[in-house]
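Worksheet: the structure to be examined is printed underneath.
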Amino acid sequence: MLMRIGANSYGKSECRLVRIDRRARAHRIQDLTVSTSLAGSLDKVHLDGDNTGVLPTDSQKNTVYGFARRGIDSIEAFGLELARHFVDTQHSIHRATVAIEQTMWHPVDDISFRRGGELTRIATVRVDGPQAEVTGGLTGLTLLKSTDSEFQGFARDRFTTLPPAADRVLATSVDARWRFGRIEGVDWDKVFDLAHQALVQAFAGTYSRSLQQTLYAMGEAALDACPELTEIHLSLPNKHHFLVDLTPFGMDNPDVVYYAADRPYGLIEGTVSR
Ligand SMILES: O=c1[nH]c(=O)c2[nH]c(=O)[nH]c2[nH]1
């Protein structure tokens, strides 16, 4: 039977990289996890075992560290540099994807740092020949509001037991990925800060009738704050907080004591576009 090799790619996943900028008295840390993935004219390696067009994943890893020596402006810019390098210098490679996660470190003093556990910044750069596409975002941003959230008026069927909630706890862990409409002359750090701030403010400032409605408000706010962005995808787990029934103990529970369930959870996802 005649067969063929379909879509394929290869790369080095999760290169852990810490860069310390010691030029000023106050040092600065960049803590990244970088994954590369290359694709192109690679039929021969799969079909004939011919490795002539294969830049080793070990070399890809070394490139990440070598480029880091020169400097990292932002993860979006670093991803673009790397992805373009592989496509521009390897004749067999036509497409490169570089995905980067950045863990935040906050200064304690000039030389000591506290790891910021509140969120991870992310960027994915795709270079396809002369074309480049950049996605920025964040993950693990946990938000909660203790009131100004309801969920009622929903569809009911024979399996529906959920009581309508006129006032509930709303909590989520935001995963946001925003697409840039242009990539030249972008202040990547500024867009990250503005989008981050807009997401938090919209979550806090929106009276929520559902997490779906909150998702749209958050996406809209991020696009409003950042003209560079064309769309944003949000993935929002509904971190349910159930009021504990204390009546067996002869106690009331006027929205005070909750059971914070970790699973199952509702997962609300959507893309907001201009
Ligand atoms: O904001 C919500 N959206 C839903 O679709 C849903 N479904 C559910 O059980 N609780 C909630 N909450």
Side-chain angles (χ1 to χ4, degrees), residues 101 104 116-124 135-180 191-227 229-274:
E101 296 181 0
M104 304 300 183
E118 72 274 28
L119 65 84
T120 302
R121 178 171 168 176
I122 50 185
T124 304
T135 307
L138 56 83
T139 191
L141 168 67
T142 303
L143 302 173
L144 180 150
K145 61 195 296 176
S146 53
T147 186
D148 279 1
S149 164
E150 61 178 69
F151 186 62
Q152 42 192 351
F154 44 82
R156 310 196 71 93
D157 66 4
R158 60 187 282 252
F159 293 113
T160 304
T161 55
L162 185 74
D167 189 1
R168 65 172 182 175
V169 170
L170 185 66
T172 190
S173 175
V174 180
D175 184 293
R177 284 143 209 260
W178 47 78
R179 187 197 295 268
F180 288 85
V191 172
F192 177 82
D193 289 341
L194 288 174
H196 173 202
Q197 204 182 330
L199 291 171
V200 174
Q201 289 308 321
F203 176 87
T206 303
Y207 181 94
S208 178
R209 290 193 163 75
S210 65
L211 190 48
Q212 286 90 330
Q213 185 204 23
T214 297
L215 178 150
Y216 183 77
M218 292 168 74
E220 190 181 38
L223 294 185
D224 267 344
C226 307
L229 305 181
T230 57
E231 68 176 34
I232 176 168
H233 180 79
L234 289 161
S235 178
L236 303 180
N238 192 351
K239 297 170 79 71
H240 304 298
H241 286 64
F242 297 113
L243 207 57
V244 179
D245 178 9
L246 298 177
T247 54
F249 321 122
M251 301 166 91
D252 67 354
N253 188 4
D255 295 342
V256 177
V257 180
Y258 294 85
Y259 165 59
D262 68 338
R263 66 189 74 170
Y265 52 90
L267 183 61
I268 311 300
E269 298 188 282
T271 303
V272 182
S273 313
R274 281 189 203 286

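Start at 1 and go down the list; that is how both ligands and their atoms are numbered. FYI, side chains are in, hydrogens and waters are out, and symmetry mates aren't considered; it's all heavy atoms of this structure.
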* Looking only at atom types and distance, does a side-chain atom of Arg274 sit under 3.5 Å from a main-chain N or O of Leu229, one as donor and one as acceptor? -> yes
* Asked: Do side-chain atoms of Arg168 reach the backbone of Phe242 as a donor and acceptor pair under 3.5 angstrom?
  -> no
* **Any donor-acceptor pair under 3.5 Å from Lys145 side chain to Thr206 backbone** => yes
* Hey, what do you get for CG (Leu215) to CG (Leu236), rounding to the nearest 0.5 Å? -> 4.5 Å
Between ligand 1 and the protein, which N/O pairs fall short of 3.5 Å?
{"residue": "ligand 1", "atom": "1 (O)", "partner": "Arg168", "partner atom": "NH2", "Å": "2.8"}
{"residue": "ligand 1", "atom": "1 (O)", "partner": "Leu211", "partner atom": "N", "Å": "2.7"}
{"residue": "ligand 1", "atom": "3 (N)", "partner": "Gln212", "partner atom": "OE1", "Å": "2.8"}
{"residue": "ligand 1", "atom": "5 (O)", "partner": "Gln212", "partner atom": "NE2", "Å": "2.9"}
{"residue": "ligand 1", "atom": "12 (N)", "partner": "Arg168", "partner atom": "NH1", "Å": "3.1"}
{"residue": "ligand 1", "atom": "12 (N)", "partner": "Asn238", "partner atom": "ND2", "Å": "3.3"}

* Are a donor atom and an acceptor atom from the side chains of Glu150 and Tyr207 found within less than 3.5 Å of each other? -> yes
* Asked: Trp178 vs Phe192 aromatic rings, parallel, tilted or perpendicular, using cut-offs 30° and 60°?
  -> tilted
